[in-house]
Structure formats: structure tokens, C-alpha cells
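Taking it in order: structure first as C-alpha cells, then the write-up.
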Amino acid sequence: MPPRHYLQFKDFSVDEYAYLFERTAWIKRKFKNYEPWHPLFDRTLVMIFEKASTRTRLSFEAGIQQLGGFAVYLNTRDSQLGRGEPVEDAAEVISRMSDLVMIRTFEQAILERFAARSRVPVINGLTNEFHPCQVLADVYTYIEHRGSIRGKTVAWIGDANNMCHTWLQAAEVLDFTVHVSTPPGYTVDPQLAGVVPGGHYRCFADPMEAVRGADLVTTDVWTSMGFEHETDDRLSAFADWQVDAAMMAQAKPDALFMHCLPAHRGEEVTAEVIDGPQSVVWDEAENRLHVQKALMEYLVLGRMES
């Protein structure tokens with residue numbers, strides 16, 4: 001059988017996510033109780049980075065080690081991939097020497113070309129288009145704090161970037177609604193996001209309207225990696241899309257605030273919000289570790305009994 005990959009959020013079904021969230025809770029409890037769990041003993045994860053990282057590298061490297069395996073770090077600047085080796089050739093070689101591959105790169109097409117020739121599961125650690133592992137952690141964090149996300153409303157404020165695209169896919173799979181508010185010129189492209197126009201999301205010109213009644217408010221930096229040349233223009237265009245206390249007050253009283261980090265206090269979010277009582281950004285960051293352990297275990301071993 002060909003390997004199972006995780007390249008975008010819609011690659012898995014609602015039933016598979018139910019299993020992963022349950023499994024994440026079980027794995028996290030073992031971690032918190034200092035109970036060893038080594039189902040991937042002697043297995044190797046290769047991590048390929050073309051984009052800089054803190055949380056992705058740490059969570060995957062620590063995660064595979066906590067599952068009993070090993071991590072090998074490859075930066076494209078220091079490998080043959082950075083010297084013009086075809087992605088397909090690299091996939092053939094790397095997948096013969098490992099059990100899992102995580103790639104953090106620019107174009108989604110690079111990831112898909114690698115996966116097409118890989119003998120082992122490939123995980124999207126972030127591309128320009130999607131960031132499924134982060135939203136996997138975000139949804140789990142919501143469930144951990146508030147229960148099922150089905151039927152809830154998530155307000156996305158800011159850029160229609162890889163995180164926004166992934167939230168839109170998650171809404172389709174898990175049956176909730178996303179209210180999207182972006183500045184003019186930075187709106188959602190449903191085809192790029194891979195979602196049905198208007199299906200599980202609504203677009204708002206006014207961010208205050210988007211947040212009204214939301215169960216979760218989330219945002220990201222205004223300038224994603226690879227778009228640094230647009231920074232000055234974006235600072236001006238996004239000025240009214242800062243998540244502050246007044247905006248959070250439009251959401252439900254028990255609404256959560258999330259941010260995938262790193263954050264720029266005073267730009268996309270105020271310190272009062274991200275460091276305030278509704279913020280769960282640190283739980284969200286930690287949960288990358290636990291959901292990715294459940295994900296790696298599932299891709300290699302399939303469903304396990306808790």
C-alpha cells in the first residue's frame with residue numbers, strides 16, 4: 001500500500017480527527033505523568049527545512065524522541081536539495097533511509113512532488129498555502145478548553161494566508177463556521193484555499209462584525225515569511241485589523257484568543273489581549289508537541305488502543 005501523507009487539513013476525515021484528538025489527550029496525559037511511551041522505538045524522522053522555525057522543529061524533534069525514535073535535521077542550504085538536486089530524487093533516497101519525513105518549505109507543489117515519490121509518510125510542517133499541524137493543535141486546544149468545535153464560530157482577523165486557508169478547510173471537515181475579515185486586496189481566494197466558496201465561511205469588510213458572537217478569535221502576523229518586501233505596505237493596510245480589547249469585547253464573553261506565534265505585540269494583537277485571561281496561546285503552542293506525536297504514531301502504525 002502507498003504511504004499515507006498529511007499535506008493539508010482536508011486529507012483526513014472527521015472520524016480520523018476524532019481519533020487523533022482522543023489519542024492526543026491520552027498521549028498528553030502520559031507525558032504529564034512522566035510515563036514513557038515508545039511506540040516508534042528505533043524509527044527515524046527526517047525534518048527538511050527551507051523556512052526558519054522554532055516551534056515546528058522543537059515539537060517534531062522532541063516529539064519523535066519522546067515516542068522512542070530519532071530525528072535527523074536537514075536544512076536545504078546545507079544539503080544537495082539546496083544545490084539543485086531534483087525533489088523527486090531526494091524523495092527516493094531520503095524515504096529509503098527513514099520512516100517519516102516532515103517538510104517545511106515554500107510552495108505546496110514542492111511538498112506534493114516529494115510525497116508522490118516517497119515510500120514513507122510525509123507531513124506538511126508549513127507551506128505558503130497551508131499549515132495543517134498548527135490548526136490541528138489549535139482545534140485540539142479549543143476542544144481541551146471548551147469541548148466540541150462543531151457548530152461554533154471562529155473569527156479569523158488579518159491576512160488570508162496559510163493559517164486562514166487551513167482554518168477554512170478545518171471548518172468544512174469538522175462542521176463549524178469561520179468569519180473572515182481581511183483588508184481590501186488581501187481577501188480569500190477559495191480556489192487557492194481549496195474550499196467551497198461561502199460553504200463554511202463568511203467574509204466581512206468590518207473586523208468588528210466578523211468577531212461579533214465568535215467562540216474563538218484568532219490571527220497571525222501581518223507579514224508572513226517570504227513576503228517581507230511588503231512589510232511597509234501591510235503595516236498601513238492592516239492597521240484597523242489589530243485584535244485589541246475592544247474587538248475581543250464583541251466576541252462571546254468566554255471566547256478564546258489564539259495566535260500561532262511568533263507574535264508582534266502592538267501590530268496584529270495588543271499585549272493586553274495576547275497576555276490576557278482569554279488567551280490560550282501557550283497551551284496552543286505546547287499542544288503542537290502532543291498532536292504531532294499522535295499524528296506521527298497514526299501515520300506509521302495506524303489506530304492504536306488507548
Side-chain angles (χ1 to χ4, degrees), residues 5-18 20-21 106-109 111-112 123-143 146 148-207 209-227 238 241 243 251 255-261 268 284 287-288 291 295:
H5 304 303
Y6 191 58
L7 308 184
Q8 49 187 302
F9 200 92
K10 66 181 181 181
D11 286 347
F12 285 178
S13 68
V14 64
D15 180 62
E16 287 176 302
Y17 281 115
L20 282 175
F21 295 139
F106 288 92
E107 293 83 12
Q108 182 80 6
L111 185 73
E112 292 172 353
I123 299 171
N124 182 350
L126 176 144
T127 62
N128 287 347
E129 292 86 353
F130 302 110
H131 198 358
C133 289
Q134 181 63 58
V135 174
L136 184 66
D138 294 359
V139 173
Y140 176 76
T141 303
Y142 184 87
I143 293 169
R146 296 288 186 264
S148 174
I149 199 169
R150 184 179 182 185
K152 303 300 184 182
T153 298
V154 175
W156 175 265
I157 306 301
D159 190 20
N161 62 7
N162 52 4
M163 282 294 297
C164 178
H165 294 165
T166 307
W167 271 112
L168 297 182
Q169 288 196 359
E172 287 193 345
V173 176
L174 301 178
D175 193 21
F176 60 90
T177 300
V178 180
H179 288 180
V180 180
S181 183
T182 65
Y186 298 91
T187 53
V188 171
D189 179 345
Q191 185 172 359
L192 183 62
V195 295
V196 177
H200 279 76
Y201 72 92
R202 295 177 59 196
C203 294
F204 294 79
D206 183 352
E209 287 295 320
V211 169
R212 184 163 289 122
D215 300 280
L216 166 63
V217 179
T218 185
T219 190
D220 194 2
V221 295
W222 289 340
T223 307
S224 299
M225 282 182 287
F227 297 88
F238 284 77
W241 275 261
V243 180
L256 300 177
F257 173 77
M258 292 189 191
H259 191 304
C260 62
L261 305 177
E268 74 274 4
E284 180 189 3
N287 282 335
R288 283 287 299 278
V291 297
L295 175 64

Intermediate values then yes/no, side chain to side chain contact (heavy atoms under 4.5 Å, CB included), L126 and Q134
CA-CA 9 Å; L126 176 144; Q134 181 63 58; over 6 Å; no
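Distance check: N124 CG to Y6 OH gives 9.0 Å after rounding to the nearest 0.5 Å. Here I143 contributes atom CD1 and R150 contributes atom CZ; the two are 12.5 Å apart, rounded to the nearest 0.5 Å.
Here the options are T166, D220, N128, the test is side chain to side chain donor-acceptor pair (under 3.5 Å), and the partner is N161; only D220 passes.
Under the 4.5 Å side-chain criterion, counting only non-hydrogen atoms from C-beta, D159 is not in contact with W222. Here the side chains of L168 and V180 are in contact, with some heavy-atom distance below 4.5 Å. A heavy-atom distance below 4.5 Å is found between the side chains of D138 and M163. The closest side-chain heavy-atom distance from Y142 to D215 is below 4.5 Å.
Applying the side-chain contact (heavy atoms from CB on, under 4.5 Å) rule to E16 yields the partners R4, F12, S13, Y298, R303; only residues at least two apart in sequence or on another chain are considered. Applying the side-chain contact (heavy atoms from CB on, under 4.5 Å) test to Q169 and every residue at least two apart in sequence or in another chain returns Q8, F9, K10, F130, V195.
Ring geometry for H179 versus F204: interplanar angle of 30 to 60°, hence tilted.
Contact detail for I157 and T219: the closest heavy-atom pair is O-OG1, 2.6 Å. For A255 against A214, the heavy-atom pair with the smallest separation is CB-O, 3.5 Å.
Side-chain atoms of D175 and H200 form a donor-acceptor pair, as typed in the model, at a separation below 3.5 Å.
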